[in-house]
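Proteins come first, then strands; the chains are lettered A, B, ... in the order of their sequence lines, and each starts at number 1. These numbers come from a predicted model, not from an experiment.
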There are 2 protein chains.
Amino acid sequence: MNTLFKALNDPTRRAILELLRERPLTAGEIADHFTFSKPTISHHLDLLRQADLVNSDKQGQFVTYTLNMTVMDELLGWLLQFKPSSDSTP
Amino acid sequence: MNTLFKALNDPTRRAILELLRERPLTAGEIADHFTFSKPTISHHLDLLRQADLVNSDKQGQFVTYTLNMTVMDELLGWLLQFKPSSDSTP
DNA sequence: TTGTTATTTAGATAAATATCTAAATACTTC
DNA sequence: GAAGTATTTAGATATTTATCTAAATAACAA
């Protein structure tokens, strides 16, 4: 839970997740969407991987990142514990 | 969104939210659940208030804190954008 | 093998954060 | 008004974090 919230507590990392919502992307493609250096993006990807929010798959010299939303379900569960039982989830 | 994730990115603050799930509590009552100093808890409460996760209400010398979950809906919405449309929310 | 591209690792630095103690504020009661 | 209680503010400090540049690793291509 700690690593999950830590990973989500950064606008760049949340933007990366939103990018990956469209389709898997390589580290370089992700970096191209930002003005930060590649090492910086690599570090963000590392934190996302630590939180299990993304999977990485090396194909040749490229590393492709994909969303892994199973952990988000954990967050969803945490959230719903605050919902007063009457539910309005769409 | 930034202040929301920032507020949630701390185990003490999440524990405070879980305490308030039961019932409203005064700042002192909340502080009694932890070993941190009162100023530290006060600071955490301040961040929770900034994120609109709690409301504070001063009654005499006591300040009572209550959950305000309307912002959580924002988070819920953000989360659900990652859900692949087929839904499994309980 | 040599050069080129993709990505990560190492190390440094500035900014943000969690925590503390001491002091200030505000209310209550005598 | 003085003393006591509840809470917050101020200021300091140690840790964490986001970022950078330079270097390392790995794969491809010639």
Side-chain angles (χ1 to χ4, degrees), chain A residues 1-20 22-68 71 75 78, chain B residues 1-20 22-68 71 75 78:
Chain A
M1 213 69 199
N2 248 309
T3 44
L4 176 56
F5 277 110
K6 181 178 5 183
L8 292 175
N9 185 31
D10 183 280
T12 303
R13 289 194 288 271
R14 293 196 299 274
I16 290 173
L17 292 178
E18 286 167 26
L19 279 177
L20 291 177
E22 306 300 327
R23 60 183 179 85
L25 294 169
T26 68
E29 286 174 320
I30 293 169
D32 287 345
H33 283 83
F34 301 93
T35 53
F36 299 119
S37 71
K38 275 165 203 214
T40 294
I41 298 298
S42 184
H43 174 241
H44 283 310
L45 289 170
D46 188 37
L47 293 182
L48 289 172
R49 194 155 9 91
Q50 277 176 42
D52 254 328
L53 285 163
V54 301
N55 292 120
S56 64
D57 178 33
K58 179 155 191 173
Q59 295 152 348
Q61 42 185 177
F62 298 89
V63 178
T64 299
Y65 285 84
T66 51
L67 269 186
N68 173 9
V71 209
L75 175 53
W78 184 84
Chain B
M1 213 71 201
N2 247 310
T3 43
L4 176 56
F5 277 110
K6 183 183 358 191
L8 292 175
N9 185 29
D10 183 280
T12 303
R13 289 194 288 272
R14 293 197 300 274
I16 290 173
L17 291 179
E18 286 168 25
L19 279 176
L20 292 176
E22 306 300 326
R23 61 183 180 84
L25 295 169
T26 68
E29 286 173 319
I30 293 169
D32 288 343
H33 283 81
F34 301 93
T35 52
F36 299 118
S37 71
K38 275 167 202 215
T40 292
I41 298 297
S42 184
H43 174 242
H44 284 309
L45 289 169
D46 188 37
L47 293 184
L48 289 172
R49 193 154 11 89
Q50 278 176 41
D52 255 327
L53 285 163
V54 301
N55 292 121
S56 62
D57 178 34
K58 178 154 192 175
Q59 294 154 347
Q61 42 185 173
F62 298 87
V63 179
T64 299
Y65 285 85
T66 51
L67 269 188
N68 173 10
V71 211
L75 175 55
W78 184 85

(Q) Using heavy-atom distances to pick each residue's nearest nucleotide on DNA chain D, tell me which of A:Thr35 and A:Lys6 is more 5'. (A) A:Lys6
Give a yes/no on whether any side-chain N or O of [X] is located under 4.0 angstrom from OP1 or OP2 of [N].
{"X": "A:Thr40", "N": "D:dA18", "result": "no"}
{"X": "A:Ser37", "N": "D:dT21", "result": "no"}
{"X": "B:Thr26", "N": "D:dT7", "result": "yes"}
{"X": "A:Ser42", "N": "C:dT8", "result": "yes"}

Rounded to whole Å, please give me the gap between [atom1] in [X] and [atom2] in [N].
{"X": "B:Ile41", "N": "C:dT19", "atom1": "CD1", "atom2": "P", "result": "8 Å"}
{"X": "A:Phe5", "N": "C:dT17", "atom1": "CZ", "atom2": "P", "result": "17 Å"}
{"X": "A:Leu45", "N": "D:dA18", "atom1": "CG", "atom2": "P", "result": "13 Å"}
{"X": "B:Leu48", "N": "D:dT8", "atom1": "CG", "atom2": "C1'", "result": "15 Å"}
{"X": "A:Asp46", "N": "D:dT17", "atom1": "CG", "atom2": "C1'", "result": "13 Å"}
{"X": "B:Lys38", "N": "C:dA24", "atom1": "NZ", "atom2": "C1'", "result": "16 Å"}
{"X": "A:Leu8", "N": "D:dA18", "atom1": "CG", "atom2": "P", "result": "12 Å"}
{"X": "A:Gln50", "N": "C:dT8", "atom1": "CD", "atom2": "P", "result": "13 Å"}

Q: Decide side chain to side chain contact (heavy atoms under 4.5 Å, CB included) for A:Val54 and A:Thr66; before the verdict, give the C-alpha distance in whole Å, the side-chain angles of both, and the deciding distance to 0.1 Å.
A: CA-CA 5 Å; A:Val54 301; A:Thr66 51; over 6 Å; no
**Q.** Heavy-atom closest pair, residues B:Leu25 and B:Leu20
**A.** N-CD2, 3.7 Å
**Q.** Nearest heavy atoms of B:Asn9 and A:Asn2, plus distance in Å
**A.** OD1-O, 4.3 Å
Q. So what does B:Leu47 touch, heavy atoms closer than 4.0 Å: a base, only the sugar-phosphate, or nothing?
A. sugar-phosphate
Q) Just checking A:Asp10: base, sugar-phosphate only, or nothing, at a heavy-atom cut-off of under 4.0 Å? A) sugar-phosphate
From [options], pick the nucleotide closest to the side chain of [X]?
{"X": "B:His44", "options": "D:dT19, C:dA18, C:dT9", "result": "C:dA18"}
{"X": "B:Phe36", "options": "D:dA22, C:dA18, C:dC20", "result": "C:dC20"}
{"X": "A:His43", "options": "D:dC20, D:dA18, D:dT9", "result": "D:dA18"}

Q) Can you tell me if A:Gln59 and A:Asp57 form a side-chain donor-acceptor pair at under 3.5 Å? A) yes
Q.
Tell me which residues in residues 54-66 of chain A lie within less than 4.0 Å of DNA chain C, going by non-hydrogen atoms.
A. A:Gln61, A:Phe62, A:Val63, A:Tyr65
**Q.** Passing candidate, side-chain hydrogen bond (donor to acceptor under 3.5 Å, both in side chains) with B:Asp46, options B:His44, B:Gln50, B:His43
**A.** B:Gln50
Q: Test B:Ile16 against B:Phe34 for side chain to side chain contact (heavy atoms under 4.5 Å, CB included), laying out the working first.
A: CA-CA 9 Å; B:Ile16 290 173; B:Phe34 301 93; 3.8 Å; yes
Q: Begin from the C-alpha positions of B:Arg14 and A:Trp78 and carry the test side chain to side chain contact (heavy atoms under 4.5 Å, CB included) through to its verdict.
A: CA-CA 10 Å; B:Arg14 293 197 300 274; A:Trp78 184 84; 3.8 Å; yes
**Q.** Reported CG-to-CZ distance for the pair B:Asn55 and B:Arg49, which is rounded to 0.5 angstrom
**A.** 9.5 Å
